[in-house]
Amino acid sequence: MSRRILFATGNEGKMREVRMILEDLNIPVLSMKEAGIETDIDENGSTFEENALIKARAVADCAGPEDIVLADDSGLEIDYLNKEPGIYSARYMGEDTSYRIKNANLIERLDGVPKEKRTARFVCAIAAVLPAKQGENEPKEREFVVRGTVEGYIGWEERGENGFGYDPIFYLDEYGCSTAELPSEVKNRVSHRGNALRLCEERLKELL
Ligand code: IMP
């Protein structure tokens with residue numbers, strides 16, 4: 001079987017972004033589902049990096065010997081709230097709670113907090129597990145993790161219909177709007193995931 005990149009997600013939006021950014025590696029990029037891999041992963045790490053690596057290793061265990069496996073973990077850190085919701089971003093207030101409610105709650109928790117203390121960032125860690133080069137004995141697999149971020153602040157109201165999750169309350173100074181108000185090409189260019197994917201691509205180019 002020839003070389004493939006498997007990205008550990010079931011999210012099609014993410015896959016589009018990943019395919020676009022990793023295009024010049026000229027290696028087919030498949031989602032877990034497309035590769036026929038189904039695995040239940042317990043994300044019990046204490047950092048974005050640990051969780052990304054847990055996912056990548058779990059998928060690598062089910063992948064072919066030549067496959068390169070990538071997995072990401074991302075979230076929102078709000079400095080005033082001691083970096084909450086952080087690695088619990090998806091689970092904050094419960095997985096099934098709507099982002100209208102989560103976002104309203106976070107704005108409420110920042111009531112009366114001035115702009116300079118409302119700093120926040122989206123973080124994305126991407127872990128890679130790839131086979132050792134031919135002829136190498138040890139180690140059997142090579143691994144690395146990269147981190148991409150985008151710095152901004154939490155606004156006073158939800159704005160914008162694009163994006164997902166916490167985008168309507170996350171504002172960028174240089175654009176003067178929330179990331180939910182940016183067209184997707186612009187968000188991908190500046191986003192934590194875009195930044196992490198570009199770093200990941202550079203590392204893969206060195207290693208392959
Ligand atoms: P995951 O790493 O894709 O599972 O994302 C974790 C959670 O972080 C998501 O469910 C969102 O709550 C939040 N998140 C990650 N990236 C973004 C983003 O680009 N916009 C808004 N929310 C995000």
Side-chain angles (χ1 to χ4, degrees), residues 6-21 31-33 39-59 69-78 81 83-107 109 118-128 145-155 157-172 175 177-200:
L6 308 188
F7 201 93
T9 184
N11 179 324
E12 251 321 299
K14 233 185 233 185
M15 284 308 296
R16 266 197 300 278
E17 193 179 344
V18 172
R19 284 201 180 94
M20 216 187 296
I21 294 178
S31 68
M32 258 160 68
K33 194 166 151 213
T39 166
D40 215 9
I41 303 165
D42 186 16
E43 291 174 35
N44 57 8
S46 56
T47 61
F48 293 109
E49 280 79 359
E50 276 176 24
N51 279 336
L53 208 44
I54 288 168
K55 282 188 243 181
R57 285 176 181 159
V59 173
V69 177
L70 305 182
D72 75 336
D73 193 52
S74 58
L76 174 68
E77 289 182 347
I78 302 176
L81 303 179
K83 302 200 173 175
E84 274 188 64
I87 58 166
Y88 301 106
S89 291
R91 292 166 271 177
Y92 182 66
M93 297 181 81
E95 196 102 32
D96 296 329
T97 304
S98 76
Y99 277 91
R100 271 268 134 77
I101 294 175
K102 296 187 200 215
N103 285 332
N105 170 270
L106 289 172
I107 287 178
R109 289 179 69 193
R118 300 175 79 95
T119 49
R121 72 200 53 76
F122 278 126
V123 177
C124 175
I126 298 183
V145 189
V146 293
R147 168 181 280 226
T149 57
V150 55
E151 299 286 334
Y153 64 95
I154 303 302
E157 60 178 7
E158 285 195 57
R159 264 178 27 197
E161 303 294 328
N162 302 333
F164 67 101
Y166 299 105
D167 280 324
I169 61 166
F170 184 79
Y171 287 63
L172 298 176
Y175 291 89
C177 67
S178 81
T179 43
E181 294 178 286
L182 294 175
S184 60
E185 317 83 75
V186 180
K187 187 185 162 199
N188 292 350
R189 208 162 55 231
V190 300
S191 82
H192 49 315
R193 195 166 297 104
N195 290 335
L197 277 167
R198 281 182 285 271
L199 286 174
C200 179

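Start at 1 and go down the list; that is how both ligands and their atoms are numbered. These numbers come from a predicted model, not from an experiment.
Neither the backbone nor the side chain of F170 comes within 4.0 Å of ligand 1, counting heavy atoms alone. Using a 4.0 Å cut-off between heavy atoms, Y99 contacts ligand 1 through its side chain alone, with no backbone atom that close.
The protein heavy-atom contact nearest to atom 17 (C) of ligand 1 is F164 CZ, 3.3 Å. D167 OD1, 3.0 Å is the protein heavy atom nearest to atom 20 (N) of ligand 1. Distance from atom 16 (N) of ligand 1 to its nearest protein heavy atom, with residue and atom name: H192 NE2, 3.1 Å. Taking atom 22 (N) of ligand 1 as the reference point, the nearest protein heavy-atom neighbour is Y166 N, 3.3 Å. For atom 3 (O) of ligand 1, the nearest non-hydrogen atom of the protein is K14 NZ, 2.6 Å.
If you check each of E43, E95, K187, K102 against atom 19 (O) of ligand 1, the one with the closest non-hydrogen atom is K187. The heavy atom nearest to atom 6 (C) of ligand 1, out of those in S74, S89, A71, is found in S74.
Under the 4.5 Å side-chain criterion, counting only non-hydrogen atoms from C-beta, K14 is in contact with R193. Contact annotation: the side chain of L106 approaches that of L81 to within less than 4.5 Å [non-hydrogen atoms, C-beta and beyond]. Contact of the N195 side chain with the C124 side chain is not registered, since no non-hydrogen atoms from C-beta on lie closer than 4.5 Å.
Residue D73 has at least one heavy-atom neighbour below 4.0 Å for each of these atoms of ligand 1: 2 (O). Listed by atom number, the atoms of ligand 1 under 4.0 Å from G75 heavy atoms are 8 (O). Those atoms of ligand 1 that come under 4.0 Å of a heavy atom in A90, given as number and element, are 7 (C), 10 (O).
Interatomic distance, N105 CG to M93 CE, rounded to the nearest 0.5 Å: 4.0 Å. A distance of 8.0 Å separates CE in M20 from CD in E185, rounded to the nearest 0.5 Å. Interatomic distance, C200 SG to R198 CZ, rounded to the nearest 0.5 Å: 12.0 Å.
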Worked verdict on I54 versus E43 for side chain to side chain contact (heavy atoms under 4.5 Å, CB included)
CA-CA 7 Å; I54 288 168; E43 291 174 35; 5.6 Å; no
Please test Y171 against R159 for side chain to side chain contact (heavy atoms under 4.5 Å, CB included), starting from the C-alpha separation and ending with a verdict.
CA-CA 9 Å; Y171 287 63; R159 264 178 27 197; 3.4 Å; yes
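Residue contacts with ligand 1 do not include G163, since none of its heavy atoms lies under 4.0 Å from the ligand.
Ligand 1 has an N or O atom lying under 3.5 Å from an N or O atom of R193, backbone or side chain.
Taking the six-membered ring where the residue is Trp, F170 and F122 present tilted rings, their angle falling between 30° and 60°.
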